[in-house]
Amino acid sequence: MTADPSRELVRAYFPGARSENERRLRGEIDATLDHWFRWRSGRFEDSASNYAPPVAGSPAREGDLLGRRLLTLCDALTAETPTFSPRYIAHMKADLSLPGLLGWFAAMLHNPNNSSRDASRVGSVIETEAIAALAEMLGYDPAQAQGHFTSGGTVANFEAVWRARYRLDHWLALALHVAETTGAPLDPFAAAHMGWDRFRELQTACAVSDDVLQSCSAAASNPGDVWRRISRASGRDYRGPVMLAPGNRHYSWSKSADVFGLGGEAIWSIALDRSGHLDLADFERQTERAWADGRPILMAVAVAGATETGAVDPLDRLYDRLDQWRAERGWRIWRHVDAAYGGFLRAMLDGPSEAALAPETAAALRAMARSDSITIDPHKLGYVPYACGAFLTPDAEHYAVSAFDAPYLDRPELGDGKWSSTLEGSRSAAGAAATWLTAETLGFGADGLGSLMAATVEARQAFEAAVREAVPEARFLPADSNIACFSLSRPNEGLSQSNARTQDVFDHFQGSPHFAVSRTTLGVDNAALIASLLGGHGGYNDRPEGDAEMLVIRCVFMNPYWSAPSVRHDLLPRFIEELRQALVGPIEAQAA
Ligand SMILES: *Cc1c(COP(=O)(O)O)cnc(C)c1O
């Protein structure tokens with residue numbers, strides 16, 4: 001390989017594993033403060049100063065209480081886990097980038113509130129530009145795409161549910177009205193996926209006013225009454241919509257079912273296949289079941305960068321199937337991709353960094369552009385400070401949300417603020433500014449963040465290769481991105497024994513000051529993957545009373561400093577040494 005561009009980017013845009021960029025960061029923060037103070041002093045020069053010589057006992061005179069308490073705070077914070085270090089490979093957290101820190105800092109000083117243009121004349125423009133930069137990376141047309149920054153992936157996922165529910169509710173409400181006035185039977189499944197074209201056609205043909213539509217809406221009217229009317233009009237018990245989401249989904253999806261009042265039963269879990277991805281055959285089965293049961297599909301969720309394993313679901317094949325159903329059966333099912341973690345991997349496409357991805361993973365990431373909505377977390381692989389997530393749609397129609405108004409209605413009385421279309425009210429512009437500055441410097445292209453993403457994937461590959469070679473007990477799960485998961489087992493032993501050893505090793509790392517790793521349990525959703533690992537290794541053959549779940553150690557290689565060969569050469573042997581030490585304890589104990 002030729003000189004790795006990611007190393008130069010890391011050198012330019014991160015504080016440095018040994019704080020090599022300290023002077024640079026100090027200088028830029030100083031310059032930012034200078035700029036801010038100059039701006040302040042230049043405004044309202046004729047206004048009075050509130051300053052008077054401090055009297056005895058005044059906090060200003062008693063001097064450095066602020067300084068001392070600040071020091072107390074700084075001291076306390078040093079007890080936080082040093083997640084900037086490449087030795088921290090436990091969770092989705094790493095050092096922050098310089099553009100992330102500085103963009104955040106600059107916006108924080110001015111403190112715009114992006115809930116509306118009035119409250120944020122510049123912040124809201126920065127937000128629009130930052131969303132366009134993310135949109136371009138995700139494959140949306142940046143001129144058409146809509147979106148906003150959220151506090152994180154959880155709220156971005158909620159934003160998707162809100163919009164999908166709004167759309168489904170409109171389509172179903174209109175169909176209910178038509179069925180009630182014409183006496184024709186209602187098919188709730190077909191109605192709830194009819195599409196805006198059909199909706200407009202029907203609304204015009206039947207001259208349905210917004211008031212009438214509202215009286216047929218479960219969201220805007222009384223849900224109990226509306227469901228009863230749907231049951232009557234369809235001749236069968238209506239049990240509400242369902243949400244299809246794979247077994248590796250983030251727990252924010254269960255929260256969303258709770259918050260939106262769908263009921264826990266409404267989340268239908270799609271099985272995972274032998275490689276830990278959404279199983280398309282099961283997705284088809286469950287869709288057919290929803291159809292047969294007359295339960296509309298609120299949304300089909302897929303995951304790009306699963307929280308536990310970094311797996312990227314086969315979006316391309318999933319969307320091909322949904323396209324086919326749309327063409328053949330007229331079903332428009334909302335497609336959401338939860339790319340909170342993996343969205344930035346898309347920056348690797350169409351450049352030399354794409355080679356770090358398996359072709360199936362690249363094809364899946366490419367298909368992300370065909371989603372109705374996307375969640376992405378700049379505070380994960382975007383290296384900007386918390387709390388910064390983002391929600392995007394390909395166009396204004398998908399972005400529209402309201403308890404009731406039709407999406408094509410302008411609501412001039414709302415101004416051009418976002419407050420009416422975001423779940424959150426007051427919103428900081430800091431995350432948008434941090435993302436904006438990252439787009440302007442590091443860049444979201446294949447030669448920018450894409451090459452850094454490739455370096456993180458290569459770090460995971462290098463780690464896996466080194467550990468495999470040195471530690472025969474280490475058995476890795478299939479991996480798509482920069483997260484490695486492995487268990488520790490020996491030939492011809494049961495899953496329970498392997499789990500016990502993996503737990504011991506994890507406990508050792510918990511007590512170690514040298515590396516931080518995490519652990520996770522593959523449960524029933526991963527039965528196919530576990531079975532394939534058991535069979536494939538010819539080793540595990542648990543007794544029936546043995547464990548069904550598999551414990552794995554999880555290492556997240558998102559830290560930018562792993563791109564440096566010096567860091568890899570230093571840390572890989574140390575990690576292997578630590579792992580060997582961890583293994584000695586439990587194995588000897590078992591032999592005794
Ligand atoms: C992290 C994550 C979330 C939740 O995001 P927060 O920013 O923690 O709210 C949702 N989905 C996936 C796949 C994630 O990795």
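Along the sequence shown, residues carry numbers from 1. When a ligand or atom number is given, it counts from 1 through the structure's own listing order.
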Can you confirm whether or not the ring centre of W253 sits under 6.0 Å from the ring centre of H336? yes
Please list the nearest protein heavy atom to atom 4 (C) of ligand 1 with its residue and the distance rounded to 0.1 Å. H250 CE1, 3.3 Å
G152 heavy atoms, cut-off 4.0 Å: which ligand 1 atoms fall inside? 7 (O), 9 (O)
How about F149 and F391: are their ring centroids closer than 6.0 Å? no
Is it the case that the side chains of S426 and N113 hold a donor-acceptor pair, with the cut-off being a distance below 3.5 Å and no angle test? yes
Identity and distance of the protein heavy atom lying nearest atom 8 (O) of ligand 1: T154 OG1, 4.3 Å
May I ask you to check whether W325 and H193 place their ring centres under 6.0 Å from each other? no
Relative to the ring of F557, is the ring of F463 parallel (under 30°), tilted (30 to 60°) or perpendicular (over 60°)? tilted
D316 with R370: basic N within carboxylate O range, under 4.0 Å: no
For ligand 1, which part of R249 has a heavy atom less than 4.0 Å away: the side chain, the backbone, both, or neither? neither
Among protein heavy atoms, which lies nearest atom 1 (C) of ligand 1, and at what distance? K380 NZ, 1.3 Å
At a 4.0 Å threshold, what atoms of ligand 1 neighbour a non-hydrogen atom of Y341? 15 (O)
Ligand 1 contact on D377 by region, counting heavy-atom pairs under 4.0 Å: side chain
Do the side chain of R335 and the main chain of D372 share a donor and acceptor less than 3.5 angstrom apart? no
Is there a side-chain contact (heavy atoms from CB on, under 4.5 Å) between D338 and N157? Walk through the geometry before answering. CA-CA 7 Å; D338 183 356; N157 285 341; 3.1 Å; yes
Could you list which atoms of ligand 1 come closer than 4.0 Å to a heavy atom of T307? 12 (C), 13 (C), 14 (C), 15 (O)
What I want to know is whether V303 and ligand 1 share at least one N or O pair that is separated by under 3.5 angstrom. no
Numbered atoms and elements of ligand 1 in range of A340, under 4.0 angstrom, heavy atoms: 2 (C), 3 (C), 10 (C), 11 (N), 12 (C), 14 (C)
Under 4.0 Å to a heavy atom of H379 - the qualifying atoms of ligand 1, by number: 7 (O)
Mind checking whether F575 and H514 have ring centres under 6.0 Å apart? no
How far is atom 6 (P) of ligand 1 from its nearest protein heavy atom, and which residue and atom is that? G153 N, 3.3 Å
Quick check: does D338 get an N/O under 3.5 Å from an N/O on ligand 1? yes
